[in-house]
**Q** 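Have a look at the structure that comes next, please.
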Amino acid sequence: MDSNQHTRVAVTVVADTAKQMKARMEEAARTGADLAELRLDYLRDLTEHDVRDLVAGRPCPVIVTVRAAWEGGRFGGKEADRLHLLKTAAQAGAEHIDLEYVTWRDNRDSCKHLLQACRKDGRPTRLILSQHDFKRTPGNLDAMLAEMAASDADVIKLATQARHINDSLRMLEALRCTNKPAIGLCMGASGVMTRVLAGKAGAYLTYCCLEAGEEAAPGQVPAGDMLGMYRFRQITDTTAVLGVVGCPVAHSMSPALHNAAYEELGIDAVYLPFEVAEGEGSFNRFLGAILAAGWLNVRGLSVTIPHKIAALKQADEVEPLTAKIGAANTLVLHEDGRIEAYNTDYAAAMQALCEGAGLRPEDLAGKNVAVLGAGGVSRAVVAGLTDAGCRVTLCNRTLARAQELAEEFGCQVEEWENRGRLRPDILVNCTSLGMWPNQYETPMPREALQPETIVFDTVYNPPETRLLLHAAAKKCRLVDGVAMFVHQGALQMQHWFGRSGAHGRMRQIVLDRMRRHQ
Ligand code: NAP
């Protein structure tokens, strides 16, 4: 398939009453989706009249589903009643009805009337035969889809639980090989790629939820994000795929940041969250699988906790300062299989610092800098600062970690309890103190802050941390973590596409998302 223009977007609508469902169905149509899937099994009292009424009043084409409790749904009534409700939907003109494949396979006689109702008249109802596995993704997806394709279905649907992200890759691969219109998706955080990249695999449709928190299946993406942030309809065979690899990554701001920049700069690319379970073997399996799936066109990865060291080990070429830091947050994947590794955190921190404080990079030489924290971000920041010629003093709750880092990069160390006595030109917070939901914490006593000190807080959620608020009151010069976050994203784009920009849009998107999610 050439592009997503053939892969429909369906919004799953759930509600307690028929009246609410009608209203939600209208909202679903307003998102710009092609279809609304009416999960009638969610209705508290479901009558034949409701079915007719809902189908007659549909503002867009629909899929009618009355999912049985034994298949993960909520309908606990008799099978004969369920089939009758589906038949009513078909007779009322629903564009699709969804029936469990097992029901069709084991009770063909009782499904006959349903099939007849679907095939009647000029505008037939398409029969979706579906199968779900809420525990795992079986090893024989091709065989399962082939068996289902041999049925009376117009469309086949397979939904399984992803235990590892490679299950999602297998699902997409299996979809590409079906000879019947097919839907294949993996549930769970590691399954997001099967939903967003459904068009690349030639799927019949992808399912979304109406809003975050209304997922009828785990991992469903809100329709607004699918059509807006991911620009689902613009994804084609040639669209480059990028993403953030980590665990967990469901709440990462990076997809919003990158996709907004691609849209503004006209870059044909989409950026996803890739939830890859912990462990070096797990990361390596994922990397191997995406390199083998050339058709997906994965061109680059952002790497976050816990895979930064594994990522570095897999690279063929490592930028020298990245090697010294010992962790990569950016991989460039070349078509010939070559992998380059970078760490954009240190350069982003230096850019944010210079820009925010009105300094040139050469002005940093000789400055006294106090760095609070000795974790991953401190490592990158200390590498950048010492490279720029700063005199760095490290201060960390766990003294031994500070000493280790200081030895490696030639810094001084001060005990955590004494941090209030430091009088640096620049203070950098690289601890997680002050980060949401502990936004009332601060790593530095207010009274220790001196006017004119440059205070840089790498924490970006919230953007105005307690430390920065105190520093503003003391007339310090401020640099926030959002600036660093935006710069590291822009630097990644530079590595992947040879260009970047849209800093203002990226900053705005991050601020908007944080405001909405708090
Ligand atoms: P990390 O490796 O887990 O390090 C956390 C650091 O915070 C350690 O030094 C730890 O001290 C210290 N810490 C944690 N809780 C503390 C407490 N209650 N009191 C004192 N110190 C405490 O994390 P990381 O990857 O370096 O990330 C640190 C922060 O950087 C994150 O929270 C995030 O907000 C920020 N960040 C910003 C960006 C950006 O682009 N702006 C990017 C990534 C991260 P111990 O060694 O004693 O445990």
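Scope of the values below: all heavy atoms of this structure, side chains included, with no hydrogens, waters or symmetry mates. Read the numbers this way: they start at 1 and go in the same order the structure lists the ligands and their atoms.
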**Q** Quick check: does any side chain N or O of Thr465 sit under 3.5 Å from a backbone N or O of Leu468, one acting as donor and the other as acceptor?
**A** yes
**Q** Is it the case that ligand 1 has an N or O less than 3.5 angstrom from some N or O of Gly376?
**A**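 By distance alone, the answer is yes.
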**Q** Going by the closest heavy atom to atom 45 (P) of ligand 1, which one wins out of Thr398, Thr458, Asp480?
**A**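 Answer by nearest heavy atom: Thr398.
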**Q** With a 6.0 Å cut-off (strictly less than), is the heavy-atom count around CD of Glu441, excluding the residue itself, greater than 12?
**A** yes
**Q** Relative to ligand 1, is Met435 under 4.0 angstrom through side chain, backbone, both or neither, heavy atoms considered?
**A**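 The answer is the side chain of Met435.
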**Q** Take atom 3 (O) of ligand 1 and look for protein heavy atoms under 4.0 Å from it; say yes if you find one, no if not.
**A** no
**Q** What about Gly481: any of its N or O atoms under 3.5 Å from an N or O on ligand 1?
**A**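 Indeed, backbone or side chain, Gly481 has an N or O that close.
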**Q** Does any N or O of ligand 1 fall below 3.5 Å from an N or O anywhere on Asn396, backbone included?
**A**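 So ligand 1 has an N or O lying under 3.5 Å from an N or O of Asn396.
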**Q** Please work out whether the ring planes of His258 and Trp496 are parallel, tilted or perpendicular, with thresholds of 30° and 60°.
**A**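 Answer is tilted, since the angle falls between 30° and 60°.
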**Q** Just which atoms of ligand 1 are under 4.0 Å from any heavy atom in Gly373?
**A**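 What qualifies from ligand 1 is 9 (O).
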**Q** Measure Ala374 to ligand 1 on non-hydrogen atoms and call it side chain, backbone, both or neither using the 4.0 Å cut-off.
**A** backbone
**Q** Quick one: does atom 23 (O) of ligand 1 have a protein heavy atom under 4.0 Å from it?
**A** no
**Q** Hey, is the main chain of Asn329 close enough, under 3.5 Å, to the side chain of Gln492 for a donor-acceptor pair?
**A**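 It does hold such a pair.
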**Q** Show every ring pair (Phe, Tyr, Trp, His ring centres under 6.0 Å) that has at least one partner inside residues 353-377, sequence neighbours left out.
**A** none
**Q** With heavy-atom distances below 4.5 Å as the criterion, would you say the side chains of Val455 and Arg477 are in contact?
**A**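 Result no, sub-4.5 Å side-chain heavy-atom pair not found.
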**Q** So, is Val377 polar-close to ligand 1, with some N/O to N/O distance under 3.5 Å?
**A**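 Yes, Val377 has an N/O under 3.5 Å of an N/O on ligand 1.
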**Q** Have a look at Val482 and tell me which of Glu464, His487, Arg507 forms a side-chain contact (heavy atoms from CB on, under 4.5 Å) with it.
**A**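 The passing option is Arg507.
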**Q** Where's the contact between Cys430 and ligand 1, heavy-atom distance under 4.0 Å: side chain, backbone, both or neither?
**A** backbone
**Q** Are any of the N/O atoms on Arg401, whether in the backbone or the side chain, positioned under 3.5 angstrom from an N/O atom of ligand 1?
**A**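 N/O-N/O distance under 3.5 Å: yes.
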**Q** Is it the case that the side chain of Glu407 and the backbone of Glu404 share a donor-acceptor pair, with hydrogens and angles ignored and the cut-off at 3.5 Å?
**A** no
**Q** Using a 4.0 Å cutoff against the non-hydrogen atoms of Tyr460, which atoms of ligand 1 qualify?
**A**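 Heavy-atom distances to Tyr460 below 4.0 Å select 37 (C), 38 (C), 39 (C), 41 (N).
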**Q** Counting N and O atoms only, with roles assigned by atom type, does the side chain of Arg233 sit under 3.5 Å from a partner on the main chain of Thr7, one being a donor and the other an acceptor?
**A**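 No.
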**Q** Enumerate the ring pair (Phe, Tyr, Trp, His ring centres under 6.0 Å) contacts for residues 320-371, please, sequence neighbours excluded, ordered by first and then second residue.
**A**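 Residue pairs with at least one partner in residues 320-371: Tyr342-His495.
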**Q** Could you find the nearest protein heavy atom to atom 17 (C) of ligand 1 and give me its residue, atom name and distance?
**A**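 I find the closest protein heavy atom is Arg397 NH1, 3.2 Å.
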**Q** Is Thr206 reaching over with its side chain to a backbone N or O of Val9, donor-acceptor style, under 3.5 angstrom?
**A** no
**Q** Nearest protein heavy-atom contact for atom 14 (C) of ligand 1: which residue, which atom, what distance?
**A** Ser432 OG, 3.3 Å
**Q** Kindly indicate whether the side chain of Val381, heavy atoms from C-beta on, has any atom under 4.5 Å from the side chain of Cys430.
**A**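 Side-chain contact under 4.5 Å: yes.
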**Q** Checking contacts here: is it the side chain or the backbone of Asp345 that comes within 4.0 Å of ligand 1, counting heavy atoms only? Could be both or neither.
**A** neither
**Q** List ligand 1 atoms under 4.0 Å from Gly375, heavy atoms only on the residue side.
**A**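 That gives atoms 2 (O), 4 (O), 9 (O), 26 (O) of ligand 1.
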**Q** Which residue owns the protein heavy atom closest to atom 19 (N) of ligand 1, what's the atom, and how far is it?
**A**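 Atom 19 (N) of ligand 1 sits closest to the protein heavy atom Leu433 CD1, 3.5 Å.
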**Q** Checking a contact table here: which protein heavy atom is nearest atom 12 (C) of ligand 1, and how many Å away?
**A** Thr431 CB, 3.8 Å
